[in-house]
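Here is the structure we will look at.
Numbering of ligands and ligand atoms starts at 1, following listing order. Residue numbers start at 1 and run along the sequence shown.
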Amino acid sequence: MWRRIFSTSTSTSTSAPAAFTSKGKKWDALIIGGGHNGLTAAAYLARSGLSVAVLERRHLIGGAAVTEELVPGFKFSRCSYLQSLLRPSVIRELELGRHGLKLLKRNPSSFTPCLDGRYLLLGPDAELNHSEISKFSKQDAEAYPRYENQLQRFCSFMDYLLDSPTPEVSHKVLSFTDRMRDKLQKSIFWAHCFRRAIFLWQKDMVDFMDLLLSPASKVLNNWFETDVLKATLATDAVIGTMGTVHTPGSGYVLLHHVMGETDGDRGIWSYVEGGMGAVSSAISNAAREAGAHIVTNAEVAQLMINDDSGAVKGVVLADGTEVHSSVVLSNATPYRTFMELVPQSVLPEEFRCAISNLDYSSGTTKINIAVDRLPQFQCCNPSIQEAGPQHVGTIHIGSESMEEIDLSYRDALSGFPSQRPLIEMTIPSVLDKTISPPGKHVINLFVQYTPYRPSVGSWEDLAFRESFAQRCFSLIDEYAPGFSSSVIDYDMLTPVDLEREFGLTEVAQVPFQWVDPHLSSSQASQLWWREHISWCNGLGFTLLNAAC
Ligand SMILES: Cc1cc2nc3c(=O)[nH]c(=O)nc-3n(C[C@H](O)[C@H](O)[C@H](O)COP(=O)(O)OP(=O)(O)OC[C@H]3O[C@@H](n4cnc5c(N)ncnc54)[C@H](O)[C@@H]3O)c2cc1C
């Protein structure tokens, strides 16, 4: 079933544009978009004493971090569903715990069932990992802690980059003092990076560069021999991308997904009580407490630019209302911001070219399902109906080997939704009792690969959509017989829906532009960092305080 907006929200929001446009009112800063990053920016700016307004086009805040009750009694994290990448400093400084954020750690964190009756559980428990991997290979069981340690060292190296402001190229004419200050700040940044690189030692540094630039398949083949182990780890290298395990740079995506933490435990992803909307809700509470104003149903149609100076002077909403400020931050994608909201005449050609060549392709479909019972996996004891360790973490369906992942990707390259899609299934209601009626459950399927423009049908065609959803359910039936018959109702978001409903650009997740030869320019790499950081730390946005 293709559901549109008839949802209720767990996030609170205000909707009173009139209060924002009173005659002569000029805000210190405006933020286009109330995604969790826009809200974070609002909270920090308001805490520093500035008057701030957030303008969100949807009827609720949160962007892709939302909870919506589409089936009565079932609260879906419609897009994002797991938390770990929000920077600890943001959680601490904005006191998100006090504002309602409650993280539910998952142990074990992953379960990969096999059709031959075996399975692999992995998680934070080193002993469990050793005994589980030993079922397949003693050698891999010995190598696994060394692999994890190495990734942890690389993550520590990245921490500094994630928590520091990106070195920016200024487009303004600076005074001598400002130039010196700018050079000093950049020198401090690079000196820190250099010092950390020295601490990694030469072998680690070579391995680090290898991880950043290589295909994940090469990295994982160097470490391990067991197909199911490599495939389980490799899903982190392709998730959300239109890339395969053999794509150069996919090693970085793998690292990206272990860079986060939950309560100091590195690489651990958690559910959020109440769904991901609770993250946005906690941040918005912090922002409001600091004095920020948040408006929903307020779509920004264009930026207003001063003809003489080229500096921004505010925004025009879709209903024609003008809101004034000389500082505008955009939480919308760089493509949407610069190609749709900024008047094209004020942008340099080279910059417009870099933006128009950004590659947002992803091939992700999200299916949120209400079920009347837990799936019973054939490789466990299917007669036991209660939740077991297999239900707690991410359940990897259709990824028993890296070749299986690659085949699934190849279908999409030819324009077909994958015949045997790669599915990450999570059942947050096993740990979070607030999101489904007793005995019933919420299931998230993060599915790849679904081309944005299929060559064999259209996502606007209900029968085409339905057949793809049924294909996913049938694949799950192979591992957990009877799953299809447990489905009460579902909500399916293909790349086209994600763009239309959430304002993403052909599904903006981890864009692959940094391995794209078109985007080696410094502007493109800055954009990559902005997008990349927006995934991680709750601080990603594009600042428009002058017309570029
Ligand atoms: C299906 C899916 C699953 C994901 N799963 C995870 C996950 O499990 N864990 C994880 O860490 N990340 C996940 N992500 C990524 C994560 O959700 C995003 O990185 C994150 O939500 C980005 O937040 P943001 O605030 O930068 O942007 P967004 O969440 O995209 O918010 C941007 C906001 O701007 C608004 N907007 C756009 N244009 C305008 C306009 N003209 N006027 C006013 N408002 C406008 C939009 O409506 C939106 O609310 C997932 C993403 C998707 C799509």
*Assess the side chains of Asp497 and Thr494: does a donor N or O sit below 3.5 Å from an acceptor N or O?*
yes
_Need the ligand 1 atom indices (1-based, order shown) with element for anything under 4.0 Å from a heavy-atom of Trp269._
9 (N), 11 (O)
*Distance filter under 4.0 Å to Leu504 heavy atoms, resulting ligand 1 atoms*: 30 (O), 53 (C)
*Can you find a non-hydrogen atom of Ala301 under 4.0 Å from ligand 1?*
no
*Indicate yes or no: does Arg266 engage Asp159 in a salt bridge with an N to O separation below 4.0 Å.*
yes
*Report yes if His36 has an N/O atom closer than 3.5 Å to an N/O atom of ligand 1; otherwise report no.*
yes
*Within residues 268-284 or reaching into it, pairs that qualify as salt bridge (charged side-chain N to carboxylate O under 4.0 Å, His left out) - sequence neighbours excluded*: Lys102-Glu273
*Gln470 and Glu466: side-chain donor and acceptor closer than 3.5 Å?*
yes
*Do Tyr452 and Tyr360 have their ring centres less than 6.0 Å from each other?*
no
*Which residue from Ser80, Ser330, Ala64 reaches closest to atom 14 (N) of ligand 1 through any of its heavy atoms?*
Ser80
_N or O contact, Arg57 vs ligand 1, cut-off under 3.5 Å_ = yes
*asked:* Within the 3.5 Å criterion, strictly below it, is a donor on Lys366 or Asn368 matched to an acceptor on the partner's side chain?
replied: yes
_Distance under 4.0 Å to a non-hydrogen atom of Leu82: what atoms of ligand 1 satisfy this?_
7 (C), 8 (O), 9 (N), 10 (C), 11 (O)
*Under 4.0 Å from a heavy atom of Arg336: give me the atoms of ligand 1 that qualify, with their elements.*
38 (N)
*Under 3.5 Å between some N or O of ligand 1 and some N or O of Asn37?*
yes
*For Ile32, take its heavy atoms, then give the atoms of ligand 1 lying under 4.0 Å from any of them.*
40 (C), 42 (N), 43 (C)
*asked:* Using a 4.0 Å cut-off to any heavy atom of Ala332, which atoms of ligand 1 qualify?
replied: 37 (C), 38 (N)
*ligand 1 N/O within reach of Tyr81 N/O, cut-off under 3.5 Å*: yes
*In terms of atom number and element, which parts of ligand 1 are under 4.0 angstrom from non-hydrogen atoms of Gly63?*
29 (O), 31 (O), 48 (C), 49 (O)
*Give yes or no for whether the N/O distance cutoff of 3.5 Å, strictly under, is met between Leu498 and ligand 1.*
no
*Is there a donor-acceptor pair under 3.5 Å between the side chain of Asn306 and the backbone N or O of Lys313?*
no
*Val300, any N or O under 3.5 Å of ligand 1 N or O*: yes
*Just which atoms of ligand 1 are under 4.0 Å from any heavy atom in Leu55?*
43 (C), 44 (N)
*Check: Leu341 N/O within less than 3.5 Å of ligand 1 N/O*: no
*Are Thr394 and Arg106 close enough that a side-chain donor and a side-chain acceptor fall under 3.5 Å?*
yes
*asked:* Side chains of Thr232 and Thr112: any donor to acceptor distance under 3.5 Å?
replied: yes
*Return a yes/no value for Glu299: is any of its N or O atoms, backbone included, closer than 3.5 angstrom to an N or O of ligand 1?*
no
*Could you list the residues that satisfy ring-ring contact (aromatic ring centres under 6.0 Å, His included) with Tyr479, not counting sequence neighbours?*
none
_What's the separation between atom CD1 in Ile369 and atom CD1 in Ile476, rounded to the nearest 0.5 Å?_
5.5 Å
*Would Arg58 and Glu501 pass as an ion pair if we require N to O under 4.0 Å?*
yes
*Are any of the N/O atoms in Asn331 less than 3.5 Å from those in ligand 1?*
yes
_Which segment of Phe446 sits under 4.0 Å of ligand 1 when only heavy atoms are counted_ = side chain
